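Below is one structure, written out as structure tokens; comments come after it.
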Amino acid sequence: MSVKKKVKIHSFKKEIWRYYKMYGREMPWRHNPDPYAVLISEIMLQQTQVDRVRPKWEAFLKQFPDFSALAQASSADVIRAWQGLGYNRRALGLKRLAEIVVLDHQGKLPSDSVVLETLPGIGPATAGSLAAFAFNLPAPFIETNIRRVYIYFFFPRAKKVKDSDILKLVGETIDKKNPREWFYALMDHGAFLAKKVPNPNRKSKTYTKQSPFVGSRRQIRGALLRALSLSPMLSLEELSRATDFPVDTIAEVSRLLEKEGFLKEMPEGYTLV
């Protein structure tokens with residue numbers, strides 16, 4: 001590594017720690033590094049704002065305090081507890097994950113990132129965040145705020161920045177003695193930048209604008225799963241009336257959810273698995 005790069009990295013780390021020590025955000029899951037509690041927070045925080053997650057996280061842990069309780073819960077109860085967070089498939093994936101952890105891992109979340117990625121709903125970013133936040137391991141990962149920070153500091157004039165280039169820098173700058181707080185600091189600085197500068201993530205090669213929610217498959221899936229969480233069995237016609245979407249659209253989405261293992265078709269209609 002060149003002297004110039006070493007100096008830049010030193011300055012970068014100093015600034016990230018300075019901001020964190022002065023303005024680090026208070027979040028309840030940061031005071032509870034229990035792997036189960038961390039997992040719930042990480043899944044909830046995927047594409048959901050922090051302020052919406054805070055009360056839901058506490059209520060969810062109270063209702064389902066550990067992997068065993070979540071594994072044994074009904075899909076309907078889990079979806080009802082998830083209401084207000086969006087992306088209901090995350091809730092069902094979380095229940096599946098709990099079942100696997102209980103059956104295959106003696107009720108304990110694995111700490112190895114490679115093993116974590118084999119679990120439902122866990123990709124490279126979430127596996128890395130779990131390794132760091134639940135087990136304080138120096139596992140490099142990228143999420144929205146972290147990407148924003150590195151592009152802002154290291155790629156100010158670049159375009160189409162590759163995640164592989166960012167990930168390399170994450171590995172070079174990581175605090176190996178305290179990776180948990182280092183990643184907290186990065187994410188908090190990224191949240192700060194989101195309010196202060198034009199979004200640096202637009203320079204990312206992976207950047208895409210999210211499609212409108214109204215009328216989207218996401219909206220239909222969510223409405224369908226909510227309806228089935230309130231009734232044990234509904235026909236396509238009943239689902240159409242409950243969601244206010246056409247029967248043919250409901251039929252198409254129901255087939256997809258069944259193929260993914262979230263629903264089961266019975267003679268009387270559809271039910272949650």
Side-chain angles (χ1 to χ4, degrees), residues 9-10 12-50 53-54 57 60-61 66-67 90 93-94 97-98 100-101 105 107-154 162-194 201 204 206:
I9 286 176
H10 176 76
F12 166 72
K13 294 180 76 168
K14 186 177 179 180
E15 171 59 20
I16 297 300
W17 279 126
R18 182 200 68 79
Y19 180 86
Y20 180 67
K21 289 173 182 177
M22 293 180 65
Y23 306 109
R25 296 177 293 178
E26 277 292 318
M27 299 181 187
W29 43 86
R30 292 186 177 181
H31 303 292
N32 185 2
D34 171 71
Y36 175 74
V38 171
L39 169 71
I40 302 303
S41 70
E42 285 301 297
I43 300 299
M44 286 186 170
L45 286 165
Q46 291 175 355
Q47 298 174 297
T48 305
Q49 294 178 339
V50 170
V53 170
R54 291 179 196 269
W57 178 80
F60 197 91
L61 286 183
D66 52 35
F67 283 111
R90 287 183 298 167
L94 194 52
L97 186 154
I100 293 171
V101 168
H105 301 284
K108 294 183 179 179
L109 189 70
S111 60
D112 188 300
S113 296
V114 175
V115 179
L116 285 167
E117 283 190 53
T118 66
L119 299 174
I122 306 297
T126 304
S129 68
L130 289 172
F133 299 143
F135 303 103
N136 204 26
L137 296 174
F141 70 95
I142 305 173
E143 55 79 67
T144 299
N145 281 318
I146 291 175
R147 183 182 289 108
R148 183 180 293 120
V149 169
Y150 281 89
I151 290 177
Y152 178 79
F153 279 96
F154 292 97
K162 297 178 182 178
D163 272 359
S164 58
D165 291 335
I166 297 173
L167 196 59
K168 182 180 178 181
L169 278 167
V170 174
E172 290 174 345
T173 56
I174 196 169
D175 189 314
K176 294 182 179 179
K177 292 182 179 179
N178 192 0
R180 179 185 285 130
E181 279 206 279
W182 171 246
F183 281 113
Y184 286 157
L186 284 172
M187 294 170 80
D188 286 2
H189 203 95
F192 160 73
L193 289 176
N201 282 342
S204 168
T206 64

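Below, each value reflects all heavy atoms present in this structure, side chains not excepted, and no hydrogens, waters or symmetry copies. Source: prediction; values computed, not measured.
With sequence neighbours excluded, the residues that form a side chain to side chain donor-acceptor pair (under 3.5 Å) with T48 are R90. D66 pairs by the side chain to side chain contact (heavy atoms under 4.5 Å, CB included) definition with S68, A69, not counting sequence neighbours. Shown here are the side chain to side chain donor-acceptor pair (under 3.5 Å) partners of S41, two or more places apart in sequence or in another chain: there are none. Judged as a side chain to side chain contact (heavy atoms under 4.5 Å, CB included), and not counting sequence neighbours, the contacts of A37 are N32, D34, W57, L61. Residues passing the ring-ring contact (aromatic ring centres under 6.0 Å, His included) test with Y150, sequence neighbours excluded: F12, F154. Every residue meeting the ring-ring contact (aromatic ring centres under 6.0 Å, His included) condition with Y23, not counting sequence neighbours, appears here in chain and number order: Y19. In terms of the side chain to side chain donor-acceptor pair (under 3.5 Å) criterion, Y152 has no residue partners (sequence neighbours excluded). In this structure K176 satisfies the side chain to side chain contact (heavy atoms under 4.5 Å, CB included) test together with P138, I174, sequence neighbours excluded. Taking the side chain to side chain contact (heavy atoms under 4.5 Å, CB included) definition, one finds that Y184 meets it with Y20, R30, F133, R180, E181, sequence neighbours left out. The side chain to side chain donor-acceptor pair (under 3.5 Å) check on T118 picks up nothing, with sequence neighbours excluded. Partners of E117 by salt bridge (Lys or Arg N to Asp or Glu O under 4.0 Å), not counting sequence neighbours: none found.
Not a single donor-acceptor pair under 3.5 Å links the side chain of D188 to the backbone N or O of G24.
Among all heavy-atom pairs drawn from A127 and S113, the shortest one is CB-O, 3.7 Å. Of all non-hydrogen atoms in I151 and S204, the two that sit nearest each other are CD1-CB, 3.9 Å. When every heavy atom of N145 is checked against every heavy atom of A191, the shortest pair comes out as OD1-N, 3.3 Å. The shortest heavy-atom contact between P35 and A134 is CA-CB, 3.8 Å.
When side chains are defined from C-beta on, W182 counts as touching K13, because their heavy atoms get closer than 4.5 Å. Residues Y36 and K108 are not in side-chain contact: their nearest non-hydrogen atoms beyond the backbone lie 4.5 Å or more apart. The closest side-chain heavy-atom distance from V53 to M27 is not below 4.5 Å. Residues S111 and L137 have side chains in contact (heavy-atom distance under 4.5 Å, counting atoms from C-beta outward). Residues L109 and L119 have side chains in contact (heavy-atom distance under 4.5 Å, counting atoms from C-beta outward). For the pair F135/V38, no side-chain contact is recorded, criterion being any heavy-atom separation below 4.5 Å from C-beta on.
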Side chain to side chain contact (heavy atoms under 4.5 Å, CB included) between W29 and I40, worked out: CA-CA 9 Å; W29 43 86; I40 302 303; over 6 Å; no
Stepwise side chain to side chain contact (heavy atoms under 4.5 Å, CB included) test for N201 and T206: CA-CA 9 Å; N201 282 342; T206 64; over 6 Å; no
Trace of the side chain to side chain contact (heavy atoms under 4.5 Å, CB included) decision for W17 with M22: CA-CA 9 Å; W17 279 126; M22 293 180 65; over 6 Å; no
Derivation and outcome, side chain to side chain contact (heavy atoms under 4.5 Å, CB included), residues F67 and L39: CA-CA 10 Å; F67 283 111; L39 169 71; 3.5 Å; yes
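Heavy atoms of other residues, nucleotides or ligands lying less than 6.0 angstrom from NE2 of H105 number more than 12.
Taking CD1 of I146 as the reference point, atom CD1 of I166 lies at 10.5 Å (rounded to 0.5 Å). Of the inter-residue distances, the one linking K14 atom NZ with I9 atom CD1 reads 15.5 Å to the nearest 0.5 angstrom. Between atom CG of residue N178 and atom CG of residue N136 there is a gap of 5.5 Å, rounded to the nearest 0.5 Å. For the atom pair CG of L186 and OG1 of T173, the computed distance is 6.5 Å after rounding to the nearest 0.5 Å. If you take CZ on R54 and CD on Q49, they are separated by 11.5 Å, rounding to the nearest 0.5 Å. Taking CG from L130 and CD1 from I43, the interatomic distance works out to 6.5 Å, rounded to the nearest 0.5 Å.
Between F141 and F183, the ring planes are tilted. Angles from 30° to 60° get that label.
For the residue pair E42 and T126, no side-chain donor N or O sits within less than 3.5 Å of a side-chain acceptor on the partner.
The salt bridge (charged side-chain N to carboxylate O under 4.0 Å, His left out) pairs that include a residue from residues 141-151 are R147-D163, where partners are two or more places apart or lie in different chains.
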